[in-house]
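Letters A, B, ... are given to chains in the order of the sequence lines, protein chains preceding strands, and every chain is numbered from 1.
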Amino acid sequence: SSDASDGTSSASDGKAVVVDAASIAPAGIVGKGKNGEEPALVDKLQLSDADKKKVADGKFSVGISMNTMDIDWSRLTIEGIQKTLTGLGVQVVGVTDAKFKVQQQISDLENLITKKPDAIISIPTDDVATAATYKKVAAAGIKLIFIHMPASGLTYPADYQAVVAPDNQGNGEIAAAGLSKYIPQNGAAGIVDYGVDFYTTNQRTLRVTEWFKQNRPDVKVKTVSFTDTNAVGPVAANFMTANPDVKGLFVIWDSPAMQSVASLRNAGVNIPITTIDLGTEVAVEMASGGYIKAIGAQQPYDQGVAEALAAANALIGNKVPAWVALPPVAVTPGNLLKSYESIFHTKPPQEVLDACKSSGICG
Amino acid sequence: MSATNTRFVRPLWSGRSAGNFIREYFVYIALVALVAFFSIASPVFFSAQNFANVGRQTAIVSIIAVGVTFVIVNAQIDLSVGSVFALCGMVSGLALQYISNFWLLGALAAIAVGVIFGFINGLLTVKLGVPSFLVTLGMLGVARGIALIITDTRPVLIANRPFFSIFGDSNILGIPIAVVWTVVIVALGVIILHKSVFGLRVFATGGNPQAARFTGVNTQRTIILSFVITGGLVGLSSLLFTGIAHAARPDVGVGLELDVIAAVILGGVSLFGGRGTIIGALAGSLIIGMMNNGLVLMGVDSSVQQIIKGLIIIAAVSLSKK
Amino acid sequence: MSATNTRFVRPLWSGRSAGNFIREYFVYIALVALVAFFSIASPVFFSAQNFANVGRQTAIVSIIAVGVTFVIVNAQIDLSVGSVFALCGMVSGLALQYISNFWLLGALAAIAVGVIFGFINGLLTVKLGVPSFLVTLGMLGVARGIALIITDTRPVLIANRPFFSIFGDSNILGIPIAVVWTVVIVALGVIILHKSVFGLRVFATGGNPQAARFTGVNTQRTIILSFVITGGLVGLSSLLFTGIAHAARPDVGVGLELDVIAAVILGGVSLFGGRGTIIGALAGSLIIGMMNNGLVLMGVDSSVQQIIKGLIIIAAVSLSKK
Amino acid sequence: MNAHAEAIPVEHPAGETVLVAQGVSKAFNGIYALKDVDFELRAGEVHALLGPNGAGKSTLIKILDGVQPQDEGTVEVDGRERSHSDIATVFQELSLVPCLSVAQNIFLGNEIRNALGLVQKKKMNSIAKELTDSLGLHLPPEELVENLSVASRQLVEIAKAIHRDARVLVLDEPTSTLTKADQLLLFKSIRDIQKSGVGIIYVTHRLTEVFELADRVTIIRDGRKVLTADVADMEMQSLVREITGTEPDEPGPAKEDFDRYTHPELTTTSSSGPKLQVSSLAGDRFSNISFTASAGQIVGIAGLIGTGRTELLETIGGVRRGTAGEITLDGRFVRFKHPWEALHAGVALVPEDRHRSGIILQHSIQRNLTLAHYKALRKGGLVDNKAARTLIHGLVDTLQVKTSSIDSPVQSLSGGNQQKVVFAKWMQPGMQVLLLDEPTQGVDVAARQEIYRVIHRFAEEGAAIVVASSDFVELQELCDEIYFMTSTSMSEPEKVTSDTTDQYIYSRLNERVLESHERDQY
Ligand SMILES: Nc1ncnc2c1ncn2[C@@H]1O[C@H](COP(=O)(O)OP(=O)(O)OP(=O)(O)O)[C@@H](O)[C@H]1O
Ligand SMILES: Nc1ncnc2c1ncn2[C@@H]1O[C@H](COP(=O)(O)OP(=O)(O)OP(=O)(O)O)[C@@H](O)[C@H]1O
Ligand SMILES: [Mg+2]
Ligand SMILES: [Mg+2]
C-alpha cells in the first residue's frame, strides 16, 4: 500500500519530502482482535429510538476504570464516553486512574464494584494480571466493556460484552510507511520502543518491523527501548550518538516522541520522527515543520462514543460484536488541521494554528 | 550506616519523646476520623464488603511495612522492596510452571528469593559499611532487571487452585485470606519487635549503634536479620499479589517502597531509627489505603485526590504536635 | 608540639571520618573509571559532542542536587521536588501564555512557585515539628495535583525564542547553556555551603541541632532557607526543561526526587545530616548520567542496563571503604 | 577571647551585682525541677552552685542562659532583661557540633566574616589555636570535634565559652573528666577572667574544687534553694551535710533487692593466679602496657589526658583491636574481637563517653537497662516484662536515680542520674572483670559512696576491677593499688595509703612523663 522508491529519491533531506496522508494510510483494518476476532465497525452499535428509551428508563449507572488519566488520549476517551452516556440518561459514577499500576487497578475495580454500577468500561493496565479481578466484575453481574483489549481468559459474551479498540497494527503501518519515505536506499531506521511487554505497544512495534520486512527489506531496523517513561529523551539522544547512520525514528507513542524531539533538538540532531497518537504537542511540532512527520492516530473521542454505545447496548441486552475496531487516521502536515478537528471534536488550539501559519505547510 | 551516634544530643525541649507518644496516638485518631468522614460522605463505605476491600488492598503494603519497620527502627532503609516483590513473584510463577505445580513450592520460591535479597542487602550494608540507601537502591535496579530479563518482560501465568485459595481469593469466617495473613504477620511483628530480646536489640541498634555494641549487641547481625525479615515478608506479599492476579508480572511494585515507607513514617516510626511501633505502621498503611478507597467511592477526580491525600498526610502528622 | 599528634583518635570500628574522606575521593575515582571504561567500550563516547549531551542530560538533576544537598546536610529531606518541578513549569508556561510572553516573566514565575513551595515545606517542617519526609510527601501530592488540574492535564506550549536561548538550546563558547547554568549554580552552591557563615550553620544544624541552638544559631531559619534554596533551584531547572521541550507538561518529573537523592547520597552526603559536599553531589549526578549515557551507547538492553547500573552504584560506594 | 590577654582593663568593679534571678520555677510534666529559686551573682566572683544529682542546677543554668524558658520568675543582667550575648555557658551535656572543626565550633554563631559574608577561616583558626593552647589543649584547630576524647571536647567547650567574652560565664561541671593537670590550667584561666570583672557560676561535684576556687556557694536541693554563703564560712563537713540533707555517716537505704540479684550466681573461680593479666599490650595510642588485677582487687590506672587509658580499657573489652601483647583471663589467653564476646566471658566495660557509648538517650530507663540485663529477664526469646520492672526498680532505688518513672527517657534525667543508669547496666551477676572508665563522672557525693559500695561488693564476690579515673581523689578512695600510665609505659603497682593524695598522684605522673620524654630523647 505504499511506494518505497517514491520516498527514497530525496530522503536524506527531510524537508524535501512531502508525505501524502493517503499514500500511507492502510485500506481498512489491518489487525485482528486479541483472540483472532474479525473487526466490526462502529455502525453496528447504533441505537434505535426504542432502545434509547429503554436505556433512559433503566436509570443505569456506569463506572470507568482507566490505566492513566495523565494524557490527552484518556481525557478525550472519557469525554466521548461521558457526553454520550449523559445524552442517553446514563450516570457515570466514577472514573478511576490506575497510574499504570496493576495493583492499583485491581483496587480500583474492587472499589467500583462496591458502588454497584450496572456496567464498567475499562482499559486493562495489563491483560493478564487483572483478569481475575475482571472476572469478579462479571461475577457481580456487572456488564463489562473493554477498551483496547479484553483481559485474558475472559469469554465473550459471558464475561464481557464488547471490546472497542483502535487498529493498533494499522497505526503501526502508518508510522512505518511514513517513516519509510525518509529512509534512503539501504539506510537504517530506528525504533524507540517501550521495553515492557504490553499488548498495545507490542502490536504497534510488531507491525512496524513487519512492514519494513515486507516493503523495505533494504532498510536496517535498529531498536532501543526504555522502561522509564519519563526519561526517554536522553535514551533517544544517546541512541542517535551511537547510531549516526539512523535516518529516521519511530517512537512508540506521542509523549516519548516529544521527549525525544526535545533532546535531539538540543543535541543538534535533526531527524524525521513518526509516532502514534495525536496529542497537542506533536500537533504543534508537526505544524511548525518540526521533527514529527507522520502520525498514526487513534480516534479516542469516537472510541469513547463507541464504548458508551456498546455499554448502552449491553445494558439493554443487545448483543454487541466481540471486537469493534476504529480505523486509524494517517496524519501528516497536509491534513493536520482537518484531522485534529475530527479527532478532538474541537477546533485546533491557537498554538497549532499559529504554527501552521508561520510554516505554511498545513493543508 | 547511621551517624546518630555522632549526634551527641537530640533536641530536649522539643518534647520529642512526649510528642512521639502523642503522635502515635494521633495516627489512630486520624484513622478513626477518616472512617467517620468517609462513612458520612459515601453511603457504601461503611460496609463489611468495603472493609474487606480495604483490608485486601492494604495487605501488601501492611505486611511489607512490618518488615520495613524493623529496618527503619534499625536506622536503615530498604528501597528495593518493590523490585524484589516483582522478582519474587516471577520466580515463584516460573517454579510453579517449570518445576512442579505444587503450591508450597511456589510459596517457598518467593520467600526464598526475598530472604536472599534481604540477606544480600543486609550483608552489603554492614560488611561494606555503606549506607543502606545506596545498597538497596542498587539492588532495586538489580532485582528489577533480573525480573524483566528472565521472561523477556513477559508475564507468567499461574493456574493452581490451592495456591489461589491460600494466598488469594478465599475467605476464613468471611474474612479475606489476605486480611488473615496481615493479622498474623502484624501479630508476629508486634511480638518480635516489642516483646522479644531481638526487638530490644533492634531498637538499641537504631537508637545508638555504638552504645548498643558496648552493651554487647551484635548490631551487624541485628541489621542483617531485619533485612532478611523484610525480604521474607516481601516474598510472602508477592504471593498475595500473584494469588489474586493469577499471574506474575515483572513490572509490578514500581514505587511500592515509597508507599511502604510513607505508611511506616506516617505511623510514627522515626527515619533516624530507634523509635516506632508495628501497630503505628499498620495504622499508617490503613490511613493511606482508606484514603485511596474512600476518595474513589466519593467519585473524586484523580488529580484532586492527590491534593487531598497530600493535605491529609500533612494534617494527620501536624495534628500530632499539639 | 609533640603532644599535638598524640591527641587524635581514630573513631571506633567504622573509621567514620577517614572513611568519609576516602568515600568522597572514591566517587571521583568511580567517575574517572566510568569515563575510561566507556571510552574504551564505545567509540563515540569520548567526544565533545557526547560530553555536551551528558552535561545537558544531567543538568536538571545536578542543579536540584545542589539544593537538596543543603536540605540533606540539614538532616531534612525533600520528596516534593519532582512534583514542584512540574508545577513550576506549568505556571511559567501559563504566565507566558496568558499574562505576557516576556521571557523574564516566565522565569520569575517558575522560580517564585519553587520558592513558595520550598518556603511552605520549610515552614511546616519547623513550625509543626513534623518530619520533613511527610511534609514533603504531602506536598508532592499537592503540587502534582495542582499541576494536573490547572489545565486539566493538558500541556502548555511555549513559543518564545529568547526564553529558549536563555534556558534551552543555545551554546556559549560551544558549551550548552544548560551546562553553563549547572556550573554557575554549583559554584554558587560551593561558596554558600562551604565558605559562607550560612553554610557553616547548615552543617551545625544538621550535625547537632541542639548545640547549634544553644549557641544562638537560628536553626529554624537555616532549615527554611535550605528548602527555599531547593525550591528556587527546582524552579530554575524546570526552565531548563521547558526551554528544550518548548512546552510544559503536568506529568513530568515523576520520580525525579529519587534520582536527585540518589545522586546526592552517592556523592557522599549523609542522610543523617551534618556531612557532605556540593562537588560530591555533582559527581554523584554525573556518575548516574554517565551510566545512562554510556550504556545506551554500548547498546545494552534496557533491562540489563538496570542491573548494571545497580551493580555500579553498589561497587562505587563499596570501594569507598578501604 | 580575652582569657589569654594580659592587661584587660577592669570594666566592672568587683562586688557589683551582675545577674539577678528571682522566683524562678520550672516544671517538667507537672513535676517541679525548680521551685521559687532566687539567685544573685556578683561581678568578679566565682559562685559555686552545688546540690545532689537532679537538684535542678543544670535546669537553673539553662534558664539563666535563656535556652530553656522558665515557667515563672525573672532573670536580669545589669538591671535589664538578659540577652543571649550576656551569658556564655558550658553546658553539662556537651553541646558541640561533631562534624565541625574545633575552630568552627568555637566560633559558631560568632563567626568572623568578610564583607561578602564569607568565613575568614585562617583568622578563626589562629585565634582558636591561641585559645586552646592557653587551656593546655594542643590541637590543630582544623581537627573535627567528633575525633576528640570527652576531656578534649570539654576543653573545646570551655574555650568556646571563654571566647564569647560575656558578662557572665557559666561552667556546668567543666572538670567532670579532666585530670588535675587540666584542672589547674582551667583554674588559671578562670582567675584571669575573674579579674576582668566577669561573674562566674561554677557547678561541680568535686567538692575540693569549691575551696580552691569559689568565693561564694549556693546549694539547691529538690529544686529549692537551701542556702547561699561565703565559702570562707563553710567547711567540707557542713558542705556535704547541706548538699545531701543528711548527716554524712547516716546509712543509705537498704540494698537487699540488688544484693539478692547478684549474690547467688556470682561464681568465684578459685584460681590462684591473677584474674586479668595484661602483658606488653599495644594498641591505638598506647604501647608496652602490662598490669594485673586479681580476683577481689580494685586496681586504679592514673594518667594524664591522652595517655590512652580509655583505649587500653576498650582494647581489653573487645571494642578495639590490639596490635601486640597478650591478655589472659583466669590464665587463659583471650582476644575479644567484639564487646559481646567480652561480655560473654564476663568482662564488662563502663565507657567514659556516656552519650556515645553508654546509653541510648531517647530510650527509657527500662529499655536501656533491660538491654543489658536481658539474660536474667528472658523467657524463651521474650522479655519478662514484670520481672524487668521489679529488677529495674531495685537498681534505680539502689543508686538513688532521681526520676519520676522508669519509663522516662534517659535524656530527661540530670547528668549525674544518667551516669548512674550507665553504671546500673553492669550491676549484674556473672561479672568476672569490670573495666570502669570514669565511673562516677558527675555523680553526687552520696551516690558516689553507693557506687563505691557496689564496686567493693563485686570485688568481694571475686571480680577483678580496673578503674581509670581522672579524679585522683577517687582513685585514692576506691583502689587497692594504683598504676601510673604514660602512653608508652606502665609503672609498677603502688599500694594505696593515706599518703596517696591527689597531689601525690599528680606529681608522680609528671615525673613519669618527664622520664619518658628523656627516654625518648636518648
Ligand atoms: N590527644 C587526644 N585528643 C583527643 N582525644 C584523644 C586524644 N588521645 C586520645 N584521645 C581519645 O580520647 C579518649 C580517651 O583516651 P585518652 O588517650 O585520652 O586516654 P585517657 O587517659 O582515658 O584520657 P581521658 O582522660 O581523656 O579519658 C579515647 O577515645 C581516645 O581515643
Ligand atoms: N527535659 C526534661 N524533661 C523532663 N525532666 C527533666 C528535663 N530536664 C530536667 N529534668 C528533670 O529536672 C530535674 C533537675 O535536673 P537537672 O539536670 O537540673 O539536675 P542537676 O542538678 O543538674 O543534676 P546533676 O548534678 O545530675 O547534673 C531532674 O529531676 C530531671 O530529671
Ligand atoms: Mg546537671
Ligand atoms: Mg579516658
Below 4.5 Å, heavy-atom pairs only: which of A/A129, A/G63, A/A132 has the largest tally toward chain B? A/A129

Which residue out of A/Q104, A/K116, A/Q103 racks up the most heavy-atom pairs below 4.5 Å with chain B? A/Q103

Which answer fits [X], side chain, backbone, both or neither, if we ask what part of it has an atom under 4.5 Å from a heavy atom of chain A?
{"X": "B/L295", "answer": "neither"}
{"X": "B/V254", "answer": "backbone"}
{"X": "B/D251", "answer": "side chain"}
{"X": "B/Q57", "answer": "both"}
{"X": "B/R144", "answer": "neither"}
{"X": "B/L157", "answer": "side chain"}
{"X": "B/I244", "answer": "both"}
{"X": "B/R154", "answer": "both"}

Pairing donors with acceptors under 3.5 angstrom, does anything connect the side chains of B/N292 and A/S107? no

Which of the residues B/L297, B/L256, B/L148, B/V54 is involved in the greatest number of heavy-atom pairs with chain A at under 4.5 angstrom? B/L297

Residue selection (most heavy-atom pairs with chain A, distance under 4.5 Å) from B/P43, B/P155, B/G299, B/G253: B/P155

Go through the steps for A/K135 and B/H246 under the test side chain to side chain contact (heavy atoms under 4.5 Å, CB included), then give the verdict. CA-CA 11 Å; A/K135 283 212 178 105; B/H246 299 189; 5.8 Å; no

Please walk me through it: do A/N111 and B/N53 pass side chain to side chain contact (heavy atoms under 4.5 Å, CB included)? CA-CA 7 Å; A/N111 293 339; B/N53 275 350; 4.1 Å; yes

Contact part of A/T227 toward chain B, heavy-atom cut-off under 4.5 Å: side chain, backbone, both or neither? side chain

Using non-hydrogen atoms only, which part of A/T96 is less than 4.5 Å away from chain B: side chain, backbone, both, or neither? side chain

Could you walk me through whether A/V196 and B/R249 satisfy the side chain to side chain contact (heavy atoms under 4.5 Å, CB included) test, starting with their C-alpha distance in whole Å, then the side-chain angles of each, then the deciding distance to 0.1 Å, before giving a yes or no? CA-CA 10 Å; A/V196 177; B/R249 278 192 67 87; 3.9 Å; yes

Does B/F102 have more than 12 heavy atoms from other residues, nucleotides or ligands lying within 6.0 Å of its CZ? yes

Which distance, rounded to the nearest 0.5 Å, do you find between the CD1 of A/I113 and the CD of B/Q49? 8.0 Å

Measuring from A/K115:NZ to B/S42:OG, what's the distance to the nearest 0.5 Å? 6.5 Å

